[in-house]
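Beneath this line is the structure, given in structure tokens, with notes to follow.
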Amino acid sequence: MRVMQSALNRATTGVLSVIQRFLVLPNQITFSGAGSTQQLCDHIHRLGHKKVLLITDKILVDLGLANRVVEGMAGHGGEVVIYDGVLPDPTVAMVNDGLALVKQHGCDAIVAMGGGSSIDTAKGVASAATNGGIEKLIGILKVKQDALPLFAIPTTSGTGSEVSIAAVISDPETHQKGVMADPKIVPQAVALDAELLTGMPPSVTASTGMDALSHAIETYIGRWSNNQVKSLSGTAIKLIFDYLPKACENGSDMQARESLALASYYAGLSLNDGGVGNVHAFAHQIGGQYKIPHGVAISAVMPQVLQLSLKQAGAKLAELADLIGVASAGDSEQVKAEEFIAALRNLQQEIGMPMTFSQIQTQDIRGLVKEALKEAVLYPVPYFMSYREGEQLIRQLQET
Ligand SMILES: [Fe+2]
């Protein structure tokens with residue numbers, strides 16, 4: 001079974017890597033630092049956009065943060081229509097609601113403000129506005145016409161959706177989570193505005209930071225890793241180890257917030273070339289089955305996956321131990337790799353991430369492993385696990 005799936009994994013990712021080589025990614029403009037929302041509004045004005053649809057959620061409207069875009073555009077005589085109906089796990093219906101506002105008000109651009117859900121919804125609306133219904137755009141490279149100009153202001157530091165070619169739009173009727181993947185849905189410009197991040201609670205800071213860290217580690221050790229990917233993901237990993245505990249301890253630490261916003265952005269950039277791996281394949285199943293937030297599931301799975309990948313990814317994990325400064329000069333590659341995993345566990349403990357879950361039922365394990373291995377076939381994993389290893393991995397996540 002493992003031999004067949006491993007061969008299928010090599011063949012599938014081989015084809016995907018050829019497709020990926022021909023993708024032309026847009027040159028995104030990045031505004032960074034406290035107050036950069038205004039710089040983004042100035043930029044949107046310079047491009048000549050007069051009426052934008054702001055896609056966000058009710059919390060950001062109530063906190064007054066959405067108003068920064070309204071005021072930023074009003075200063076230039078621009079108008080902002082607000083869609084604040086975004087909820088976690090964006091749906092086809094949310095995209096259609098946003099699309100109706102674009103048509104009703106004749107909006108000429110879209111701004112997404114929020115976490116991955118708002119940005120993914122906006123990607124759906126921007127592409128559906130110029131290509132017809134969202135349903136036919138779900139899949140790989142289905143967006144034929146350029147999307148409506150799209151801009152993003154992330155208010156969490158984790159998903160990397162502000163720079164990625166992907167969006168996840170679910171259909172509650174079919175219970176399907178559809179992935180759109182197309183360079184045409186990458187926002188043209190983003191604002192990494194640390195002022196908007198200070199209100200994020202420590203638990204969300206911790207779990208979204210773990211998600212960003214997993215993107216960076218999976219791309220660093222994955223089979224599509226190259227010098228550019230390693231440069232982006234290595235920078236993200238160092239920033240997260242240095243600043244995530246500080247941001248969890250003091251949410252108003254602007255240097256920590258700016259550093260994590262950049263780390264999430266770099267990790268997201270590395271995803272476009274590097275792809276995710278076993279951590280996401282397993283975390284998606286656990287998160288989906290038991291409604292565990294993505295970053296929380298990711299965090300618990302990550303050290304287990306790295307431990308199982310020691311043989312194939314040991315050299316790269318040893319490089320990461322050197323990078324974050326936990327290795328000694330005389331240590332062997334094996335020791336350094338294990339030191340990196342130990343440092344990861346220490347970081348997770350320091351910021352209070354759970355390592356086991358009471359929800360995991362023994363009778364579910366078989367199905368979870370089968371689905372995780374099926375998903376992993378699509379990813380450039382450094383090591384394709386056997387069923388038994390997958391089973392052992394999930395058993396270690398069970399609360400005893
Ligand atoms: Fe993720």
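Both backbone and side-chain heavy atoms feed into the values below; hydrogens, waters and symmetry mates do not. Fair warning: this is a prediction, and the values are worked out from it, not measured in the lab. In listed order, ligands and their atoms are each counted from 1.
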With a cut-off of 2.8 Å, which protein N/O/S atoms are close to the Fe ion (ligand 1), if we only count those under it?
-> Asp211 OD1, His215 NE2, His280 NE2, His294 NE2
Is there a side-chain contact between Asn9 and Arg223 (heavy atoms, below 4.5 Å)?
-> yes
Any residue meeting salt bridge (charged side-chain N to carboxylate O under 4.0 Å, His left out) with Asp84, in chain and number order, not counting sequence neighbours | Lys58
With His49, which residues qualify under side-chain hydrogen bond (donor to acceptor under 3.5 Å, both in side chains), at least two apart?
-> none
Pairs satisfying ring-ring contact (aromatic ring centres under 6.0 Å, His included), at least one member in residues 344-387, at least two apart | none
Would you say Val186 and Phe151 are hydrophobically clustered, going by side-chain heavy atoms of ILVMFWY under 4.5 Å?
-> no
Do Met385 and Val305 touch side chain to side chain, with heavy atoms closer than 4.5 Å?
-> yes
